[in-house]
Each structure stands twice: as C-alpha cells, then as structure tokens.
Protein chains: 2
Amino acid sequence: MTDIAAAAGVSVMTVSRAYRNAGRVSEETRTRIAEAAARLGYVPNLAAAQLSSRRSRVIAATIPSLSHSQFGLTLQALSDPLREAGYQLLLADCGYSAEEELRAVATVLGHRPEGLVVIGVDHGEAAQSMIRQAGIPVVETWDLDQPPLDMAAGFSNRAAARRMAEYLIGTGRRRIGYVDFPAPVVRRFAERRRGFVEALEAAGLRVDLTLPAHEGVGGYARGHQAVEKLLQLEPRLDAIFCATDAHGIGAMLECQRRGIDVPAQIAITGIGDFDIAAEIPPGLTTVRLHAGEIGRSAAKLIIDRLAGAMPQEQVLDIGFEIIRRGSG
Amino acid sequence: MTDIAAAAGVSVMTVSRAYRNAGRVSEETRTRIAEAAARLGYVPNLAAAQLSSRRSRVIAATIPSLSHSQFGLTLQALSDPLREAGYQLLLADCGYSAEEELRAVATVLGHRPEGLVVIGVDHGEAAQSMIRQAGIPVVETWDLDQPPLDMAAGFSNRAAARRMAEYLIGTGRRRIGYVDFPAPVVRRFAERRRGFVEALEAAGLRVDLTLPAHEGVGGYARGHQAVEKLLQLEPRLDAIFCATDAHGIGAMLECQRRGIDVPAQIAITGIGDFDIAAEIPPGLTTVRLHAGEIGRSAAKLIIDRLAGAMPQEQVLDIGFEIIRRGSG
DNA sequence: TTGTACGCGTTATCAG
DNA sequence: CTGATAACGCGTACAA
C-alpha cells in the first residue's frame, strides 16, 4: 500500500480510505490510486486490515464432505448472500470424526471469522467448547433434532423419516426394510433411523429388516445390495425405506433388473429428493429437503445477527416435503 | 496469546514457539501452555502470524460453482493433501463471468495465499494479469487446451470430444446431433464443441444438428428437449452427442419414454462419467475425466513447488478414457 | 480533503 | 531453553 501511495503521490491513509470508501477522497485522487493499483497489481492485505480493524469479514463453514452434492447446494446458497453482504466464506472439511472436526474448527477459528456455519452438525465435546469460547454467532444446519449451540436452520431428520414411514404404512405396507447410510454414527442418519423405528413400532411392525450402517458398500450399489439382502431376510418384503436417495435409486434399478414390480410388489422410498430421483421411472417417492433454502437461511441468520439484529427466531425450521412419485 | 503467556507464567515468545514446534521448549512448559490454552479456548491468530511471518499457509482455489458435483470431487481431492501439508484451502466462487471472476480473484489474493488453484480455467484479461502479479504458483485445471499461466493439471476437452465423436463415427453413425452446455461461452465447453465439429468435418458429416448453448433449459431436462428438437431437425437422426452426462442421461430417459431403441435407433453419449451414468440401463457411453486425480495432481504441483522443487512437468495431462456402455 | 502517531497479535532476530 | 525488541501492513483517532 505504501508503494501505491508513493506511485499515486498521496499518503497511505488516503489510499486506505479510497479502498474502503471511508471519509472523503476526491475523484481525481481516487482514479490516480486505482490506476496505480491496477498497474502494480495491488490488492489490499486483508490480514493486516483484520489485525488493525479487528474485523475479518470472514464467515467460516465446516462441512463433512466437499463432494456431497446436497451440501454443495447449501454451500452455494450460503456463499452468495454472504458475498453480497461483504463477507468471504472460508470452508473447512470437518470429515466425519470428532478428531477431524476439532482440527477443522481450530484452523478456521484461527482466521477469526465473524461467524460460523456448521453444515451437518456433529460435535465432539472439545469442538463444542472451542466454538462456544470463540464468542461468535453460530448457525448449525441440516439437523434440528438437538438443541443448538446458538442458532440453527434445518429440519428434523427424525420427523422426516417418521412421516415417510407413516406414509408407507398408510399405503398398506407391512414388511418394510430399512437401508441405513454406511457411515459410523452420523447423527443425521441416526435420527432418520430413529424416526423410522418409531413409526414402525407405533404400528406394531417388524423393525429387524435392515441393512445396517456397518454392512455393505455405499452409493447406488448399496441399493442393489439392499434388495438382495432384504429379500433374503424376508421374501415377502413389501417396501424398502432408504436413508438417502442414492440408495433408493440403486434399489429401484435393481428391482427393474430383477423384474420386480415397483411399486406393486415392493414400494421404494428415499430421502433427499436428488435431481435424478424424479427422472428414473417410475420416479422415486422421497422427502424434499430444501438444501438451498437451508444455506440461504443460515446466511440470513448470520448477517442479521452481525448487523446487530437479534432475530426472534433463533431456530429456523425449513421443514421438508413428502414428494410422492411412482415408486411408493 | 499474551493471556496464555501470563496464565502459563512464561513470555509470549515461548508460547509462540510451543505452538510452532520451533526452537526448544521444555516438556513442562509446553504442557502448562497447552493447559492454559485449552482452559481459555485459545486459538492462535493466523492473521497476525501471517503478517509477521509473511506466510499465510493458505492455498486459494477459484471454482465456478460449489454445487457442481464433479468439481466437488476435484475439491475434495485437492483439500486433503493440502491439509496434510499444513495448508488451508480458501475457496472463492468465481461464477461464470469475467467480472465475477475478477472479484473472486481480488478477494482471495487479499488473503495472500501462497498458491492458487483455478478450477475450470476461464480468465478475463484483468484477472489474468492480477494473478500473474501475485507472483505465486498457479495451477489451472480441467482444461489443457490453452497454454497455462504457470502450471496445469487436466485434460484436453477438445481431444476428449473429438475422440468420442470419432468413436461414434467408427460405429457407423452418420447423422449425429450435438447438445451443447447451456452457458454463455465457457471455454471447456467451447473446446468440446470444437472437438466434435472437427471429427465430423473430417468425416464429411453434417454439423448442423445441434441444440445450441443459448437455447433451452439445463440439467436432465435438457436431454429431454434435445431428443425432441433434434428429431424434429432430422427424423433419421442416429446419434446424440451430449456435452455432459446430465444431458446424456436425460436423453436416454426421454428415448426410453418414447419407445426409441437405444442404441439400435439412436446412440447416445455423454462426457463426465457421472456415477449415475453406469446405473441407468443400458448404461451411458461416456468419457471418464478423473476429477479426483485432477485435484490430487494440482495439490501435488503446488506443494512440490512450494517445497522448492521445480517440477519437470509443468503441465500434467491426466487424460481421459472412453467408457463404452450400452447406449452407443 | 488529507496527514500523523499508535496499536492490532504474532514472529524474526538477537541476547541471555 | 527462554526473553526483549522491532517489525509486518493496515485502520482508528485525532489533528491540520
């Protein structure tokens, strides 16, 4: 910045003001500065700015997986309004273990973000206490089944699964299999399983027809495995409830391959409403989760809080929607 | 840090050393510091560290869309090795316009990253010059059709499309339609189109059967539209070449709906090898792009360069692979 | 409208 | 092994 100031023949202070639109700087001075900056390829050092102003203009987000497309939608919807409000999103991969999460949280907090968005909540004790000590607004997303640290935007995974299970039961299904997500204890999926079990137990149905988390592969292939395994457990199976659309789509395709009539013989449902769910005949019945809306809401909560507003609603329930298609 | 030093009864300098494992610090002092830090929830301020040490330990990446799952794979593969090497990934959404890109580049450069990864290259002049002036290692990815600013990791979109088109021609197809990606001039897709056209012209075939970028919707639905529009242009159409798998899958499903035999009547191909491409019968013939490998390679290039090595290969061609399935 | 002194929290350097 | 001091590049507060 000193260089720019010299090149433009003004003091650093004037350059600083020109960049921040603070105080008054004459048009002529401003253009001289802009020219010098463009010529020298100068970009203000945000670290110095942060140190001096004690504002980082950074919002951090932790995310379990950068390649999960549903989280991608949330991220995108989060990033856009934040940028417009003058914040930069700092992303950290927090993996699926408490240890990785702690490392991720420590790293991002080192950048002194003014707010934190946790995508797919799942804290260890240590991370939780570290976040709390940071004293910044926090929005937890994608899971409303636990009381939040601060604010939250999402939906109840348990309620979503329960409602879908109730729907299946309501259509007369009695021998319903469950395909769990293949990851060690992720709370979102634990809640889905719980919702499913609650609904079935309330109806007095069997809850032992499952492909448990610790068994089998992931992705679409898990759906294939599920059809085989569940039919083995119970040949008269009449529905397969999948914890996520990927498994549901795999199961639909496997049934098609085996000549099993969906939904006449077996109903199949998923959770997520992935784009592809509507495409594959007969269409996957699923739960729409509004991933984008979760991101937008999280951004709004953080921005409003930082703007000094104390939003009435600290917990935004975005809800979900049962999407009925041909599969069940 | 001053607080921690006081709490542990040492000087700030000792605390700093303890955190960086620099110089020698006695075990006892070290544990006292760790305890104080844990109790107070202290995390070192990276902005101050950067200002003082002139090292940010940040690698920046610009990406056109956070919700694009193929880029997600690259990101994930990029993030992991960087983290292991002690770098934090700073992500900026650069959109699909030169203007947005310039803003994104300026923002991330403000954080003084030690390296930059450009995902899906596409620069305006201004951004290019700004990047060059930053004087840091740069890896451009996903597009090897232009000479890189510095380093590159990816493949030739043009060659990939040409090879796929040649394959189609080799199987006897003569009236081949092209479904372009619906975005204003993205170079990757311009190159794909060019590769397609080159192959067809070399074989003396028509290149006017197209759904151009500026027409129609996106995603799977674009495939549906394509079937309709292309058959209208040429009822004897015998192949549909899609710029991306999403369109290809949409086209396959549309043919299925209309009772059009794929591949007997019409062959369909995509580019990308999305997970779902192998699932939907008869399986989409496509080009596998090794999105993860691109990320890993980019990370390696940056890390090696920062470690002082001047890698021999400044341009890593990850290549691609024609995946032949039932659709063509 | 523009300039000056000082401090932000850390690290490099040099001493002990 | 530990400590003191001076930067790092900018913003705040005040002055001109």
Side-chain angles (χ1 to χ4, degrees), chain A residues 1-34 36-37 40-58 86 88 106-114 133-136, chain B residues 1-34 36-37 40-58 86 88 106-114 133-136:
Chain A
M1 192 177 237
T2 317
D3 297 344
I4 305 298
V10 294
S11 77
V12 283
M13 209 41 242
T14 307
V15 178
S16 169
R17 276 194 271 261
Y19 267 100
R20 289 173 299 136
N21 303 315
R24 264 163 260 300
V25 179
S26 71
E27 255 329 303
E28 191 215 326
T29 312
R30 200 180 287 276
T31 47
R32 276 221 313 283
I33 291 171
L40 298 172
Y42 170 77
V43 175
N45 185 326
L46 265 24
Q50 157 179 354
L51 208 54
S52 180
S53 71
R54 321 179 108 258
R55 296 208 50 189
S56 65
R57 310 249 45 151
V58 163
Q88 159 83 15
T107 306
V108 295
L109 289 184
H111 290 274
R112 296 292 182 272
E114 298 180 36
Q133 300 250 21
I136 54 178
Chain B
M1 189 177 243
T2 317
D3 297 344
I4 304 298
V10 294
S11 76
V12 284
M13 210 41 238
T14 306
V15 177
S16 170
R17 276 196 271 260
Y19 267 100
R20 289 173 299 137
N21 303 316
R24 264 163 260 301
V25 179
S26 73
E27 255 328 305
E28 193 216 325
T29 311
R30 200 180 286 275
T31 47
R32 274 219 315 281
I33 291 172
L40 299 172
Y42 169 77
V43 175
N45 185 326
L46 266 22
Q50 157 180 351
L51 204 55
S52 184
S53 70
R54 318 174 114 261
R55 296 208 50 190
S56 64
R57 309 247 46 151
V58 162
Q88 159 83 15
T107 306
V108 295
L109 289 184
H111 289 274
R112 296 293 183 269
E114 298 181 34
Q133 301 249 22
I136 55 177

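Letters go in sequence order (proteins before strands), and every chain restarts at 1.
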Peer 1: Taking C-beta and beyond as the side chain, do A:Arg55 and A:Gln50 meet within less than 4.5 Å on heavy atoms?
Peer 2: no
Peer 1: Quantified as the angle between the terminal helix axes (five pairs each), what is the overall bend of the helix from C:dT1-D:dA16 to C:dG16-D:dC1 to 10 degrees?
Peer 2: 30°
Peer 1: Given side chains that start at C-beta, do those of A:His111 and B:Val58 come closer than 4.5 Å, heavy atoms only?
Peer 2: yes
Peer 1: With a 3.5 Å distance limit and no angle check, can you tell me whether B:Ser53 reaches the backbone of B:Ala49 through a side-chain donor-acceptor pair?
Peer 2: yes
Peer 1: Please name the pair of heavy atoms, one in A:Ser56 and one in A:Pro113, separated by the smallest distance, quoted to 0.1 Å.
Peer 2: OG-CA, 3.6 Å
Peer 1: Going 5' to 3' through nucleotides 9-16 of chain C, assign each nucleotide B (protein heavy atom under 4.0 Å from a base atom), S (under 4.0 Å only from sugar-phosphate atoms) or - (no protein heavy atom that close).
Peer 2: BBBB----
Peer 1: Under a criterion of less than 4.0 angstrom to any heavy atom of chain B, what are the 5'-terminal and 3'-terminal contacting nucleotides of DNA chain D?
Peer 2: D:dC1 to D:dG9
Peer 1: Does a donor on one side chain and an acceptor on the other come within less than 3.5 Å for B:Arg20 and B:Ser16?
Peer 2: yes
Peer 1: Flag the pair B:Val10 / B:Ile4 as yes when at least one side-chain heavy-atom distance between them is below 4.5 Å, and no otherwise.
Peer 2: no
Peer 1: How far apart are the C-alpha atoms of B:Arg30 and B:Asn21, what are their side-chain angles, what is the distance that settles it, and do they pass the side-chain contact (heavy atoms from CB on, under 4.5 Å) test?
Peer 2: CA-CA 10 Å; B:Arg30 200 180 286 275; B:Asn21 303 316; 3.3 Å; yes
Peer 1: Taking the side chain as every heavy atom from C-beta outward, state whether A:Arg112 and A:Ile136 have any pair of such atoms under 4.5 Å apart.
Peer 2: no
Peer 1: Report yes if the side chains of B:Gln88 and B:Arg57 come closer than 4.5 Å at any heavy-atom pair, otherwise no.
Peer 2: no
Peer 1: I'd like to know if the side chain of A:Thr31 reaches the main chain of A:Glu28, judged simply by a donor and an acceptor atom lying under 3.5 Å from each other, with no hydrogens or angles considered.
Peer 2: yes
